[in-house]
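Chain letters run A, B, ... following the sequence lines, proteins first, then strands; residues in each count from 1.
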Amino acid sequence: MENTDTDKRPLDFIRQIITDDLNSGKHKQSITRFPPEPNGFLHIGHAKSICLNFGVAGEFNGICHLRFDDTNPSKEDVTYVESIQKDVKWLGFDWGEQIFFASDYFDKLYDFAVQLIESGHAFVCQLTPEQMREYRGTLTEPGKESPYRNRSVQENLALFQRMKNGDFPEGSHVLRAKIDMGSPNLNMRDPVIYRILKAHHHRTGDKWQIYPMYDYTHCLSDMLEGITHSLCTLEFQDHRPLYDWVLDTLKTPCHPKQIEFARLNLTYTVMSKRKLLQMVEGNYVDGWDDPRMLTISGLRRRGYTPASIRNFCKTIGIGKSDSRISMGVLENEIRNDLNVKAERRMCVLDPVKVIIDNFPDDRIEEVTGKNHPQDPDRGERSLPFTKELFIERDDFMEDPPKKYHRLGPGREVRLRYGYLIQYASHVKDEQTGEILEIHCTYDPESKGGTAPDGRKVKGTIHWVSAVKGVPVTVNMYDRLFKVEDPEEDKDIDFLEQLNPQSRIVLTQAIAEPALVLLQPGESVQFERQGYFCLDPVQPKKDNKFVFNRTVTLRDSWEKTS
RNA sequence: UGGGGCGUCGCCAAGCGGUAAGGCACCGGGUUUUGAUCCCGGCAUUCGUAGGUUCGAAUCCUGCCGCCCCAGCCA
C-alpha cells in the first residue's frame, strides 16, 4: 500500500481499547475480521469497516480474517462472494490464507446446539411465526413462555435431529435458546437460533435442511477463529447480551469482545443493500457497478482510486454518533489524489467552432503541452494546432460581464499551450440565437501562449483541433439523488428523490488525439473541467471512446447558467 | 409510559477535572498559461439544557429536552 501516513492523529475509541488490551497483556495480538454476507455488492459503508478491521491488523501487527457470513442461502450467491473478494483486494487489503465461511462451521455449530439442548438451554418450538410474534410481547410488555419450552431434553434432541433430517416443512419448527421471555431486551426473549430452510446453499449444497441464525453463528464463528475484537455497527448493540450469552453458556475457551461503531451515511445517496438492490432490479441504474452507485465497483468505474477511498475512511474517523458525511468530503479525497496522479489533457465537451482567419488553411502546427504542470518529470505531449478549432460553448459570450475571463467581442484570450487569439466576428443562427462559429485572428509571435511584448490576457481556455480532434462520448455524472437525505421523509419513496440529471451523456465532445492512448480505467484531468476516466468496463461504444466524469474541478467562478 | 445508544463550529471529529486539536465547507490575501493546484491568514469565551460538586467541569453527579436503534423463522 502506497500510504505513507506519518500523521499523529489521536486513536479512535476502538483503537484505544485494542491498545489497552495489548498493553495489559490480555491479548498478545489483535485478530479482527470483516464478515460480509454474500447477498449484494460491497459499498463505501463496507469500505469503512474494511479499512477499520484490516487497518487495525496492519497497525497493530495483527491479523484480519475475511469471513463470509453465509447462513441464509435463500439470499446469497457465489457471484457476490466473488465480487466481494475482488473489491477487498482492489481496495488494497490482503487476507492472506485467512478466508473463512460461516458455512464451514455448520457441523460444529450443530454440535454446539446439541450441547445447548443437553444442558437445558435450548428447545424445539412449534409455534407458528404469527404465534411467536404474539408470544414475544411488545416493547413495553413482557412476552409469554412458549408451551413447548419445557420439553424434555430427549424430546428436544429427537426433534432437532428430525429437523436436521428434513422431516418437517419450513416454518413448522425452530430451535430456540431458553433465556428470558421477560427481558426488556427483545433479543433475549428466547431467540430463534436455528430454522428450517430447504434451500440450496452455494457451498454446502443440499446437505443441510436447517440453518443457524446470525446471532448464534456470529459469536461462535468469532470464537472458533480466535477473534479478539469483533467490530460491528451500532444496530447490533442490543445483540451483544445474546452474543455474550451464547459464549458464556457454552463455556467456550475464548470470548471475543464485540464493539460497535456508527455506520457510514453520505449526503445525496442511500447506503442500504436492500435499496441498492431495488435500484438495480428496477433498472433505475445500470447495475451494481453503475458509476453513480456508491458501491465499490461503481466507484471504481467512476474513476475513484483505492487510495482516495482509504483516505476518506481515515478522515471521517470512527465514532458512535449517527452522522451523515457530506459528499464533498469524498470528492475532496479523489481530487487530492488525482491532482497528483492524473495527467492533464484537453477535451471540449460542448464544442463551438473557432476559425483563425489569418492561419494558413492546411497547416497543421505542433505545439507542446505539459502532462502535469507541477511535475516536469511527467513530460510533454504534442498538440496539433489548425485553422479550425473547437472551444467550449461556455467560453464565448456575446455580451459578457466584466469579470468574465474568456472570449467575447473585442477580447483576446490565450488558447492553452497554443496562441493568443483576438476576436474578429461571429455568426449565429438568427432564429435560435445559437452561435455557429467565431472568427478570430492569432498572433503568430505568441506560439506557446506568450507574446514577446509581454502583454497579459485575462483568460486561458482549452481547445481541440477541428481536423485532428477525436470524437468521444462523455458521461457527465452527478449526485444520484436531489436531496441530502432521500430517506428523511418517510412518506416519500426514496426512488422519487432520484436526480433526473444524475447522468448526462455528451455525444458531441471532441478530444485531443493523445486521449486515445489511455488504458481502460485510466484517469486524466480534462483541463478546466474535472477528472475523467476511460470507462474500464466499456471503453468503446459505437466505435467511440467513452469517458466517465469522476468529479469536477473545484470551481470558484459562479456559473451563471 | 420497556431496553440500548448518541448529543462539542454549517458537516465530521479530538478532548479522558486544569482552562476548546484537526479535516471538509466558508471568508479574505498572494502565486499561477487550468477561474484548478499551491501558499498565507480568518473562522466555537464555548461544548443539547437546567442545576449541583470543585479553587477549577466539555470532562464528575442529578433532572429535563432532542435524535437514533430494537417487537425477521434477515444480517
Side-chain angles (χ1 to χ4, degrees), chain A residues 7 9-12 16 35-37 39 69 71-72 74-76 125 127-129 132-134 136-143 170-176 183-189 191-197 210-211 213-215 217-218 232-241 260 262 267 273-274 314-333 335-336 339-340 344 346 369-370 372-374 403-406 414-418 420 448-450 456-462 484 525-530 552-559:
Chain A
D7 66 340
R9 286 184 46 129
L11 298 180
D12 54 66
Q16 269 179 41
E37 181 189 11
N39 68 342
D69 222 332
T71 57
N72 185 353
S74 65
K75 292 185 176 174
E76 297 152 6
C125 184
L127 251 24
T128 63
M132 185 106 60
R133 198 178 314 126
E134 289 162 17
R136 186 154 34 227
T138 67
L139 294 179
T140 53
E141 308 157 38
E170 281 187 18
S172 63
H173 297 64
V174 293
L175 182 70
R176 294 225 254 167
S183 172
N185 181 344
L186 292 282
N187 294 118
M188 299 299 270
R189 318 241 264 227
V192 171
I193 57 178
Y194 263 95
R195 78 294 212 180
I196 297 170
L197 233 41
I210 56 173
Y211 290 91
M213 298 286 288
Y214 166 84
D215 286 308
T217 308
H218 206 87
C232 63
T233 44
L234 255 24
E235 66 271 26
F236 291 101
Q237 286 176 123
D238 290 342
H239 295 244
R240 190 175 354 114
E260 312 85 8
T267 57
K273 271 198 272 187
R274 203 198 104 244
K314 191 183 300 175
T315 90
I316 60 174
I318 298 293
K320 292 190 72 162
S321 49
D322 295 306
S323 62
R324 181 171 297 278
I325 279 92
S326 161
M327 189 67 85
V329 179
L330 214 209
E331 293 174 342
N332 180 58
E333 293 302 336
R335 285 193 191 102
N336 284 345
N339 176 47
V340 174
R344 264 104 254 227
M346 293 198 282
K370 294 172 180 155
H372 194 115
Q374 276 82 239
K403 299 191 78 175
Y404 184 78
H405 295 172
R406 314 173 194 180
R414 170 165 41 235
L415 291 177
R416 173 144 243 226
Y417 299 130
L420 261 29
T450 38
K456 302 285 188 205
V457 292
K458 47 243 105 196
T460 298
I461 63 177
H462 58 100
E484 287 203 351
Q525 182 194 97
F526 287 173
E527 295 210 39
R528 302 209 307 134
Q529 299 285 182
T552 61
L553 246 32
R554 186 175 283 110
D555 186 8
S556 54
W557 167 251
E558 295 300 316
K559 284 192 174 172

Give the rounded distance in Å between these two atoms: CG of A:Leu234 and C1' of B:G3.
15 Å
As a test of reading the structure: which of B:U34, B:G2, B:A36 is closest to the side chain of A:Thr460, going by heavy atoms?
B:U34
First encountered from the 5' end of RNA chain B, between A:Ile325 and A:Lys403:
A:Ile325
Which is true for A:Ser323 with a 4.0 Å heavy-atom rule: it touches a base, it touches only sugar-phosphate, or it touches nothing?
sugar-phosphate
Indicate, with a heavy-atom threshold strictly under 4.0 Å, whether A:Pro373 touches base, sugar-phosphate, or nothing.
base
According to a strict under-4.0 Å criterion, is A:Thr71 in side-chain N/O contact with OP1 or OP2 of B:A75?
yes
What integer distance in Å separates A:Glu331:CD from B:C24:P?
14 Å
Should the ring pair A:Phe236 and A:His239 be called parallel, tilted or perpendicular, given that the plane angle runs from 0 to 90° and is split at 30 and 60?
perpendicular
Distance check, P atoms only: B:G41 and B:C65, in whole angstrom units.
46 Å
Could you please name the partner base of B:C6, counting Watson-Crick and G-U wobble pairs only when both distances are under 3.5 Å?
B:G66
Under 3.5 Å on both distances, the Watson-Crick or G-U partner of B:C38
B:G30
Nearest-0.5 Å distance that lies between atom CD1 in A:Ile318 and atom CG in A:Leu11:
12.0 Å
Report which part of the nucleic acid A:Gly171 touches: base, sugar-phosphate, or nothing (heavy-atom distance under 4.0 Å, all strands).
base
Could you tell me how far apart A:Leu11 (CG) and B:A21 (C1') are, to the nearest whole angstrom?
14 Å
Donor-acceptor pair (no angle test) under 3.5 Å: A:Asp555 side chain, B:G35 base:
no
By centroid distance (under 5.5 Å) and plane angle (under 30°), are A:His218 and B:A75 in a stacked arrangement?
no
Could you state the atom-to-atom distance from NZ of A:Lys75 to C1' of B:A75 in whole Å?
8 Å
How would you label the contact of A:Ile193 with the nucleic acid (heavy atoms, under 4.0 Å): base, sugar-phosphate, or nothing?
nothing
When all nucleic acid strands are considered with a 4.0 Å heavy-atom cut-off, which category describes A:Tyr194: base, sugar-phosphate, or nothing?
nothing
Suppose we define a pair by two distances each less than 3.5 Å, Watson-Crick or G-U wobble; what does B:U53 pair with here?
none
Would you mind telling me which of B:C12, B:A75, B:G3 lies closest to the side-chain atoms of A:Pro184?
B:G3
Picking from B:C74, B:C24, B:A14, which would you name as closest to the side chain of A:Asn332?
B:C24
To the nearest Å, how far apart are A:Asp322 CG and B:G66 C1'?
13 Å
Among B:A25, B:C74, B:G7, which nucleotide has an atom closest to any side-chain atom of A:Ser321?
B:G7
With a 3.5 Å cut-off and just heavy-atom distances, do the side chain of A:Gln374 and the base of B:C38 make a donor-acceptor pair?
no
Would you classify A:Thr128 as touching base, sugar-phosphate or nothing, given that sugar-phosphate means primed atoms plus P, OP1 and OP2, and contacts are heavy atoms under 4.0 Å?
base
Between B:A14 and B:C47, how many Å separate the two C1' atoms, rounded to a whole number?
12 Å
Between the base of B:G35 and the side chain of A:Arg406, is there a donor-acceptor distance below 3.5 Å?
yes
Taking the side chain as every heavy atom from C-beta outward, state whether A:Val174 and A:Ile196 have any atom pair closer than 4.5 Å.
no
Given B:A21, B:A75, B:G2, the nucleotide with the shortest approach to the side chain of A:Pro10:
B:A21
How far does the P atom of B:A50 sit from the matching atom of B:U37, given to the nearest Å?
42 Å
Verify side-chain contact (heavy atoms from CB on, under 4.5 Å) between A:Thr315 and A:Val329, making sure each step is shown before the conclusion.
CA-CA 9 Å; A:Thr315 90; A:Val329 179; 3.8 Å; yes
Ignoring hydrogens and angles, are the base of B:U34 and the side chain of A:Gln525 linked by a donor-acceptor pair under 3.5 Å?
yes
Should A:Glu260 and A:Arg240 count as an ion pair when the cut-off is N to O under 4.0 Å?
yes
Counting heavy atoms from C-beta on, name the nucleotide in B:C11, B:C73, B:A36 closest to the side chain of A:Ser326.
B:C11
With P as the reference atom in both, quote the distance from B:C9 to B:G4 in angstrom, rounded to an integer.
27 Å
Among B:G2, B:A25, B:G72, the one nearest any side-chain atom of A:Arg133 is B:G72
Would you please confirm or rule out a distance under 4.0 Å between OP1 or OP2 of B:C70 and any side-chain N or O of A:Arg189?
no
Looking only at atom C1', what distance separates B:C38 and B:A57, rounded to whole Å?
42 Å
Whether A:Thr233 side chain and A:Glu235 backbone form a donor-acceptor pair below 3.5 Å:
no
Presence of A:Arg335 side-chain N/O under 4.0 Å of B:U37 phosphate oxygens OP1/OP2:
no
Which whole number of Å gives the distance between the P atom of B:G63 and that of B:U1?
16 Å
Mapping A:His239 and A:Glu141 onto RNA chain B by nearest heavy atom, which one lands closer to the 5' end?
A:Glu141
If the cut-off is 4.0 Å, is A:Gln529 near the phosphate of B:G35, judged by side-chain N/O to OP1 or OP2?
no
Say you pick atom C1' in B:A44 and the same atom in B:U53; how far apart are they, in whole Å?
26 Å
Any-strand Watson-Crick or G-U partner of B:C16, both distances under 3.5 Å:
none
Hey, does the side chain of A:Arg335 reach the backbone of A:Thr552 with a donor-acceptor pair shorter than 3.5 angstrom?
yes
Would you tell me if any nitrogen or oxygen in the side chain of A:Arg136 comes within less than 4.0 Å of OP1 or OP2 on B:C73?
yes
I need the CG-P distance between A:Asn39 and B:G72, as an integer number of Å.
19 Å
B:U8 versus B:G15 - spacing of their C1' atoms, nearest Å:
9 Å
Side-chain donor/acceptor of A:Arg189 to backbone N/O of A:Ser183, under 3.5 Å
yes
To the nearest Å, give me how far apart CD (A:Glu260) and C1' (B:G5) are.
9 Å
Can you tell me the distance, in whole Å, between the OH atom of A:Tyr211 and the P atom of B:C73?
18 Å
Looking at A:Lys320, I want to see if its NZ is surrounded by more than 12 non-hydrogen atoms of other residues, nucleotides or ligands under 6.0 Å.
yes
How should the glycosidic conformation of B:G72 be described, syn or anti, under the criterion that syn lies within 90° of 0?
syn
Closest to the A:Met213 side chain: B:G72, B:A36, B:A21?
B:G72
Answer yes or no: is there a donor N or O on one side and an acceptor on the other, between the side chain of A:Gln237 and the main chain of A:Leu234, under 3.5 Å?
yes
Respond yes when some side-chain nitrogen or oxygen of A:Arg240 is under 4.0 Å from OP1 or OP2 of B:C69, and no when none is.
no
Name the nucleic acid region contacted by A:Tyr404, choosing base, sugar-phosphate or nothing; use a 4.0 angstrom heavy-atom cut-off, strictly under.
base
Assign A:Arg176 to base, sugar-phosphate, or nothing according to its heavy-atom contacts below 4.0 angstrom with the strands shown.
nothing
Tell me which nucleotide among B:U34, B:C70, B:A13 gets nearest to the side chain of A:Asp238.
B:C70
Any idea which of B:A71, B:U34, B:C12 is nearest the A:Leu186 side chain?
B:A71
